[in-house]
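Following: one structure in structure tokens, then a few remarks.
Keep in mind that the numbers below use all heavy atoms, side chains included, and drop hydrogens, waters and symmetry copies.
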Amino acid sequence: MSLFQLEHASCERDAELLFRAVDIDLGEGEWLLLEGANGIGKSTLLRALVGLYPLNARSMNFAGVDVLGDRGPLLAHTRWLGHALAIKRELSVIENLRYALGIAGRVIESDPHALCALVGLTGYEDSPVRTLSAGQKKRVALLPLIASSAKLWLLDEPFANLDTRGITLVHRLLQTHLTRGGSAVIASHGDAQLAAPSHRLTLVSP
Amino acid sequence: MSDFSATSSLLFRDLTLAWHRRSDVLQPLAFAVLVVLLFAITLGGDRARLSAMAAPIIWVTVLLANFLSFDQFFREDAADGTLDQWLSSAVHMSALCFGKALAHWLVYGLSLLLATPVLAMLLSLDVSLLPVLLVSIAMGTFGATQIGLVASALTARLRRGGILLALIVLPLFLPLLIFGSGAVDAVQAGLSARSALLLLAAQTTLLTTLAPLAAAASLRIGSDQPP
Amino acid sequence: MNPLLRWFHSLGSPPTFYRFATRWIPWTGFAALVLGAIGLYFGLFRAPADYLQGESFRIIYLHVPSAWMSLFIYVLMAIYGAIALIWRIKLCEILMMAAAPIGAMFTAVTLITGMLWGKPTWGTYWEWDARMTSELVLLFLYFGVLGLANAYDDLRQGARAAAVLALVGVVNVPIIHFSVQWWNTLHQGESVQIIGKSTIHASMLWPLLLVAAASKFYFLFALLQRARTLLLEQERGKSWARELALGAR
């Protein structure tokens with residue numbers, strides 16, 4: 001069944017079209033790899049989907065509901081992860097997780113310690129984030145994804161700053177998410193280590 | 001109901017962060033004491049002269065100190081991507097803005113309110129004026145925080161706030177200042193402070209109702225350019 | 001759709017507005033010049049001197065129309081701002097940004113003429129009179145809107161931020177005015193106003209109305225001129241703007 005559909009979408013920056021006529025049709029358990037050169041608008045497209053950038057499209061549906069005008073139903077089941085990690089240095093790993101979800105109006109659905117173990121942060125649960133390395137911070141930013149029941153993940157360069165083990169980790173998290181019937185759109189230009197995506201979309205300038 | 005839990009979650013987060021940054025919170029208080037010191041020195045330390053001007057000096061000092069804290073409102077959340085996370089969640093931004101302002105007042109407004117008796121003592125304010133001063137400052141700082149909420153939301157994604165923030169905020173402070181110091185003046189003149197305090201309460205209520213909506217609309221502006 | 005609505009709708013499209021502005025700029029400028037010249041001539045040279053204020057009252061022919069315009073433009077700016085925010089009409093953002101400096105200019109003229117009038121009447125250039133104080137605050141509200149718009153790199157974002165601030169300002173303008181008046185009566189009592197409560201003689205009034213009409217036409221003239229330039233700057237990527245620029249070369 002189709003979870004997320006986008007028809008004939010385009011974005012413009014400074015009165016110039018970035019890309020045009022983008023179609024996405026994503027079923028449950030499928031993921032899409034978003035490719036394209038730097039500056040082509042991969043991040044912009046993801047931001048536009050969650051309403052942070054103006055989007056022109058013919059239609060946009062989530063679980064059969066039209067979400068082009070009102071993003072509400074989409075946002076309630078979507079978690080977007082951008083370049084900025086949105087974590088606070090002074091707060092501990094678990095505090096960061098709790099507030100990230102709490103302020104988004106969600107609750108943590110499983111044991112936070114088990115979640116930390118899942119991303120390889122065992123032993124750092126109560127450490128302030130400022131004491132962690134860049135790669136570990138990235139893992140802290142991944143926590144809200146797996147702690148909530150978001151159906152659709154929109155990930156912008158999730159492999160940046162991660163070592164080989166970290167990349168494998170993201171893959172494992174993604175596979176679990178997909179087998180639970182979730183979907184994802186992942187923007188990445190380093191395609192080397194990726195498992196086969198269900199769909200590929202390459203953005204080109206018009 | 002998720003708006004309510006999200007707002008209270010934000011409130012707790014901001015209070016926790018403020019606790020971690022206690023020294024930052026003390027800075028506006030130190031500023032207020034310094035301004036009072038400068039006034040006391042320029043007025044020659046004459047107790048009679050200071051006492052006569054104490055209430056207006058305290059009002060202006062507290063509002064300026066409060067203004068200095070506005071730079072902290074959204075700048076960091078905008079810079080580290082937290083703001084974009086809020087905007088891309090299903091929670092109403094105006095609810096979060098209300099929580100944000102409440103947390104800010106509980107941290108900065110309340111601490112300035114607690115510092116007011118000290119400022120009053122330094123300027124030898126007539127003790128009989130202290131209750132009306134405290135009531136008016138409590139309401140006034142709450143209203144001022146709402147103005148700060150909107151102005152900071154409008155400048156959150158700009159590289160610099162500073163003077164621009166002052167240009168936006170200070171003219172809007174005027175009614176609060178007039179009614180607030182007017183209440184103290186009335187008591188000083190042996191009149192009832194009732195009408196001034198009611199006008200102050202009305203202005204603060206109006207600001208509290210409209211500011212979160214205006215701030216929520218403002219925070220969306222510029223979201224199309226990531227930090 | 002009824003024809004008036006359709007005309008209004010089509011005016012929202014940039015090329016149509018550009019042509020509309022180009023057509024009307026000379027006419028509005030001409031009207032402002034003629035009405036202003038007649039009004040000022042009769043106001044400054046023909047109207048009788050005021051029995052209380054003497055010749056110095058004549059500054060009302062500049063002061064009063066400017067004061068009217070300063071408030072009128074702020075309200076208009078807020079209306080454009082609201083339309084721009086709610087319906088996302090680009091043209092209204094541009095009209096708002098085009099109106100702001102003109103409004104600030106009228107506010108400054110009001111303040112300067114008020115001060116010049118204050119010297120012979122009050123014996124001082126600046127008196128903390130309620131109207132003058134409100135007008136000064138209004139000038140800072142204009143500065144805030146202009147400063148905010150300029151602080152954004154992106155023209156449209158700046159315009160939208162300024163629109164929110166203009167709306168906040170328009171809610172606060174009556175409150176500020178009321179509070180200043182409240183404060184003024186508390187501390188100083190009534191001062192001589194530039195135009196009193198008494199009715200003004202017809203021979204003094206009609207030149208004033210002419211200048212007021214001229215100021216409206218001047219505003220339209222300046223607004224269309226500025227909006228046209230801003231529009232071209234923002235639409236530089238669009239084909240109609242390119243064709244226009246190439247055609248002009």
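The part of L210(B) that comes within reach of chain C is its side chain, from C-beta onward, which places non-hydrogen atoms under 4.5 angstrom from that chain. Only the side chain of V171(C) comes within contact range of chain B, with at least one heavy atom under 4.5 Å from a heavy atom of that chain. In this structure, chain C has heavy atoms under 4.5 Å from both the backbone and the side chain of A196(B).
Residues P171(B) and I176(C) come closest through the heavy atom pair O-CD1, 3.8 Å. Taking each heavy atom of L164(B) and A151(C) in turn, the nearest pair found is CD2-CB, 3.6 Å. Shown here for S179(C) and P175(B), the closest heavy-atom pair between the two residues is OG-CA, 3.7 Å.
The aromatic rings of F178(C) and F179(B) sit tilted relative to each other, their planes meeting at an angle between 30° and 60°.
Considering CD1 of I221(B) and CG of L85(C), their distance stands at 6.0 Å, rounded to 0.5 Å. T133(C) contributes atom OG1, which lies 8.5 Å from atom CD1 of I178(B) (distance to the nearest 0.5 angstrom). Separating the CD1 atom in I147(B) from the CG atom in N172(C) is a distance of 6.5 Å, to the nearest 0.5 Å.
Inspection of non-hydrogen atoms places no residue of residues 213-229 of chain C under 4.5 Å from chain B. Chain B is approached within less than 4.5 Å, heavy atom to heavy atom, by no residue from residues 69-83 of chain C.
Most heavy-atom pairs under 4.5 Å with chain C: of the set L207(B), L199(B), L206(B), L165(B), this distinction falls to L199(B).
A 4.5 Å side-chain heavy-atom check between V168(C) and I168(B) finds every atom pair outside the cut-off. Two residues are said to be in side-chain contact when any heavy atoms from C-beta on lie closer than 4.5 Å; S195(B) and W182(C) meet this criterion. A heavy-atom distance below 4.5 Å is not found between the side chains of F140(C) and L170(B).
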